[in-house]
Amino acid sequence: MTDTYRSIAFTEYGDSGVLRVLERELPLPGPGQVRVAVRAAGVNPIDWKIRSGLMAEVYPANFPAVPGGDISGVIDAVGAGVTDFATGDEVLGSGIGGYAEYVLADPVKLVRKPGALSWELAAALPAVVNTAYRALNLLDLHKGETLLIDGAAGGVGTIAVQLAVARGLTVVGTASEANHDYLRSLGAIPVQYGEALAERVRAVAPQGIDASFDTSGRGSLPTLVELTGGPKRVITIAAPDAADHGVRFTSGSPAEQVPGSLAEGAALAAEGKLDLPIARVYPLAEAAAAQDESEAGHVRGKLVLVP
């Protein structure tokens, strides 16, 4: 085994041009840690938002910063005190700086990879599954209610739509016209996002909206609050100005987590009961291009990097 490994890092905020391939000394896992040889890493919108500095107040970068967190791979070293995993275990979950050939991880944030899952799909799941479960739980949804998801064709939206439909909710999802048939296939009622959204939503959901989930952060919160009848049952994972609208911003604090969500979501995906398209797979060295595609929007499902 080599004593060094490659990662993607940035030393200042900026556009994707600040991302560089960085060679580092291979780290040893400390007590309570494992080291994972990465087979694939998920790309999430939060990655480029942190890199650009948009989320500096919520997620300040510690330079040199390695983006990402979603990974799948094989545990190749175990720190003192770890009993739940062993060398050779195939896992998925959250690591420290996922855009890399190796990452250190807290075993609590990992689950065993079902054999039927590809490395790419396994790496695509963690953040979107955990986030979708968390948001639906925080919204306190009940069978028969109507949920509006803004940005429903992305990774989080895709999972949230399917979970909500399975729980007996009516789901209205915003997306570009090109993704409307896709949303219908997931069980959602599609509407075009953007100007005059409220009118389009009322046309397809005359019964009203009980709760709203913003996954896009593209300025829809005033409309979501209006449609939902107030901010109490509106939640966002993407709008840094949430507090200005009285809306809860959920960043995944320990108190917000839904225990067992990732293991359950991975099992459902392995059984074919939870679908998450892989929009494109990029080599690790092309992380900048992957972030550019994510930032441009309109990604159906997830983007993934492979070392």
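The shown structure was predicted, so the numbers you read here are calculated from the model rather than taken from an experiment. Here, residue 1 is the first one in the sequence, and each next residue gets the next number.
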**Student:** Is it true that atom CG of D244 has more than 12 heavy atoms of other residues, nucleotides or ligands lying nearer than 6.0 Å?
**Tutor:** yes

**Student:** Looking at CG of L268 and CG of D275, how far apart are the two atoms once the value is rounded to the nearest 0.5 Å?
**Tutor:** 12.0 Å

**Student:** Counting only N and O atoms by type, is there a donor-acceptor contact under 3.5 Å from the side chain of T228 to the main-chain atoms of G230?
**Tutor:** no

**Student:** I'd like to know if R202 pairs up with E226 as an ion pair, taking the criterion as any Lys NZ or Arg NE/NH1/NH2 lying under 4.0 Å from an Asp or Glu carboxylate oxygen.
**Tutor:** yes

**Student:** To the nearest 0.5 Å, how far apart are CD1 in I159 and OG1 in T131?
**Tutor:** 10.5 Å

**Student:** Within a reach of under 6.0 Å around CD of E25, are more than 12 heavy atoms found that belong to other residues, nucleotides or ligands?
**Tutor:** no

**Student:** Would you please test Y133 and E264 for side-chain hydrogen bond (donor to acceptor under 3.5 Å, both in side chains) and show each step?
**Tutor:** CA-CA 10 Å; Y133 272 84; E264 181 178 306; 2.7 Å; yes

**Student:** Are L104 and Y102 grouped together when hydrophobic residues (ILVMFWY) are joined by side-chain heavy atoms under 4.5 angstrom apart?
**Tutor:** no

**Student:** Specify the closest pair of heavy atoms between V247 and V234, including all atoms of both residues, with the distance to one decimal.
**Tutor:** CG1-O, 3.5 Å

**Student:** Is the side chain of E295 donor-acceptor paired with the backbone N or O of D292 at a distance under 3.5 Å, no angle test?
**Tutor:** no

**Student:** State plainly whether the residues E23 and R6 are in salt-bridge range, i.e. N to O under 4.0 Å.
**Tutor:** no

**Student:** Are the side chain of E120 and the backbone of V304 linked by a donor-acceptor contact shorter than 3.5 Å?
**Tutor:** no

**Student:** Does the side chain of R35 come within less than 4.5 Å of L28's, by heavy atoms?
**Tutor:** yes

**Student:** Do any N or O atoms from the side chain of H245 and from the backbone of V225 form a donor-acceptor pair under 3.5 angstrom?
**Tutor:** no

**Student:** Check each of V66, L284, L22, D47 against I8 using the side-chain contact (heavy atoms from CB on, under 4.5 Å) test, and report the only one that passes.
**Tutor:** L284

**Student:** Would R20 pass as a cation-pi partner of F63, given that its NZ or CZ must be under 6.0 Å from the six-membered ring centre and within 45 degrees of the axis?
**Tutor:** no

**Student:** Compare every heavy atom of L117 with every heavy atom of A270, then report the nearest pair and how far apart it is.
**Tutor:** N-CD2, 3.8 Å

**Student:** If you apply the rule salt bridge (charged side-chain N to carboxylate O under 4.0 Å, His left out), what do you find for R200 with E195, and how did you get there?
**Tutor:** CA-CA 10 Å; R200 290 191 294 277; E195 190 175 347; over 6 Å; no

**Student:** Report the C-alpha distance between L125 and D70 in whole Å, list the side-chain angles of each, state the deciding distance to 0.1 Å, and finish with yes or no for side-chain contact (heavy atoms from CB on, under 4.5 Å).
**Tutor:** CA-CA 8 Å; L125 288 173; D70 286 1; over 6 Å; no

**Student:** Heavy atoms only: give me the nearest S216-G151 pair and the separation to one decimal.
**Tutor:** CB-CA, 4.4 Å

**Student:** Is it the case that the side chains of R51 and Q291 hold a donor-acceptor pair, with the cut-off being a distance below 3.5 Å and no angle test?
**Tutor:** yes

**Student:** Has N179 got a side-chain atom pairing as donor or acceptor with A153's backbone, closer than 3.5 angstrom?
**Tutor:** no

**Student:** Nearest 0.5 Å, what's the OG-CZ distance between S16 and F10?
**Tutor:** 12.0 Å

**Student:** Taking atom types as modelled, find out whether Y282 and E293 have a side-chain donor-acceptor pair closer than 3.5 angstrom.
**Tutor:** yes

**Student:** Which pair of heavy atoms, one from A41 and one from A123, lies closest together, and at what distance?
**Tutor:** N-CB, 3.8 Å

**Student:** Does any non-hydrogen side-chain atom of V43 lie less than 4.5 Å from one of Y99?
**Tutor:** yes

**Student:** Under a 3.5 Å distance rule, please check whether S220 uses its side chain to pair with a backbone N or O of T223 as donor and acceptor.
**Tutor:** no

**Student:** Let me check something: do M55 and L19 share a hydrophobic cluster, defined by ILVMFWY side-chain heavy atoms less than 4.5 Å apart, either directly or through other members?
**Tutor:** yes

**Student:** Are Y182 and L274 joined in one hydrophobic group, where the rule is that I, L, V, M, F, W and Y side chains link up if heavy atoms are under 4.5 Å apart?
**Tutor:** yes

**Student:** Tell me the closest heavy-atom pair linking S294 and V299, and the distance in Å.
**Tutor:** CA-CG2, 4.1 Å

**Student:** Under 4.5 Å between any side-chain heavy atoms of D150 and R218, yes or no?
**Tutor:** no

**Student:** In plain terms, say whether K109 and D106 are close enough for a salt bridge, that is, a side-chain N and a carboxylate O under 4.0 Å apart.
**Tutor:** no

**Student:** Would you mind checking if R233 and E145 are paired as a salt bridge, meaning a charged N to carboxylate O distance below 4.0 Å?
**Tutor:** yes

**Student:** Q207 versus T170: any side-chain heavy-atom pair under 4.5 Å?
**Tutor:** yes

**Student:** Within the 4.5 Å heavy-atom criterion, are R39 and S118 side-chain neighbours or not?
**Tutor:** no

**Student:** Tell me whether L224 is reachable from F249 by hopping between hydrophobic residues (I, L, V, M, F, W, Y) whose side-chain heavy atoms are closer than 4.5 Å.
**Tutor:** no

**Student:** Taking atom CG of N137 and atom CG of L163, what is their separation to the nearest 0.5 Å?
**Tutor:** 11.5 Å

**Student:** Determine whether R248 and E256 satisfy the following criterion, side-chain contact (heavy atoms from CB on, under 4.5 Å), listing intermediate values before the conclusion.
**Tutor:** CA-CA 12 Å; R248 179 170 183 166; E256 294 176 331; 3.1 Å; yes

**Student:** Under 3.5 Å, is there a donor-acceptor pair between the R134 and T250 side chains?
**Tutor:** yes

**Student:** Heavy atoms, side chains only, cut-off 4.5 Å: are D214 and L221 in contact?
**Tutor:** yes

**Student:** Can R280 and E286 be counted as an ion pair, charged N to O under 4.0 angstrom?
**Tutor:** no

**Student:** Less than 4.5 Å apart, side chain to side chain, heavy atoms only: is that true for F213 and L148?
**Tutor:** no

**Student:** Give, for atom CG of L183 and atom OG1 of T158, the distance between the pair rounded to the nearest 0.5 Å.
**Tutor:** 7.0 Å

**Student:** For a quick test of reading the model, state the closest non-hydrogen atom pair linking V156 to V128 and the distance between them.
**Tutor:** N-CG1, 3.5 Å

**Student:** Find out if a path of hydrophobic residues (ILVMFWY) with successive side-chain heavy-atom gaps under 4.5 Å connects L139 to V161.
**Tutor:** yes

**Student:** Would you check, one step at a time, whether the test side-chain contact (heavy atoms from CB on, under 4.5 Å) holds for V91 with V111?
**Tutor:** CA-CA 6 Å; V91 296; V111 299; over 6 Å; no

**Student:** Using a 4.5 Å cut-off on heavy atoms from C-beta on, say whether the side chain of K113 contacts that of W119.
**Tutor:** yes

**Student:** Just verifying a value: how many Å separate L227 CG and L197 CG, rounded to the nearest 0.5 Å?
**Tutor:** 6.5 Å

**Student:** Report the C-alpha separation of Y59 and K49 in whole Å, then their side-chain angles, then the decisive distance to 0.1 Å, and conclude whether the side-chain contact (heavy atoms from CB on, under 4.5 Å) test is met.
**Tutor:** CA-CA 9 Å; Y59 301 113; K49 289 179 181 180; over 6 Å; no

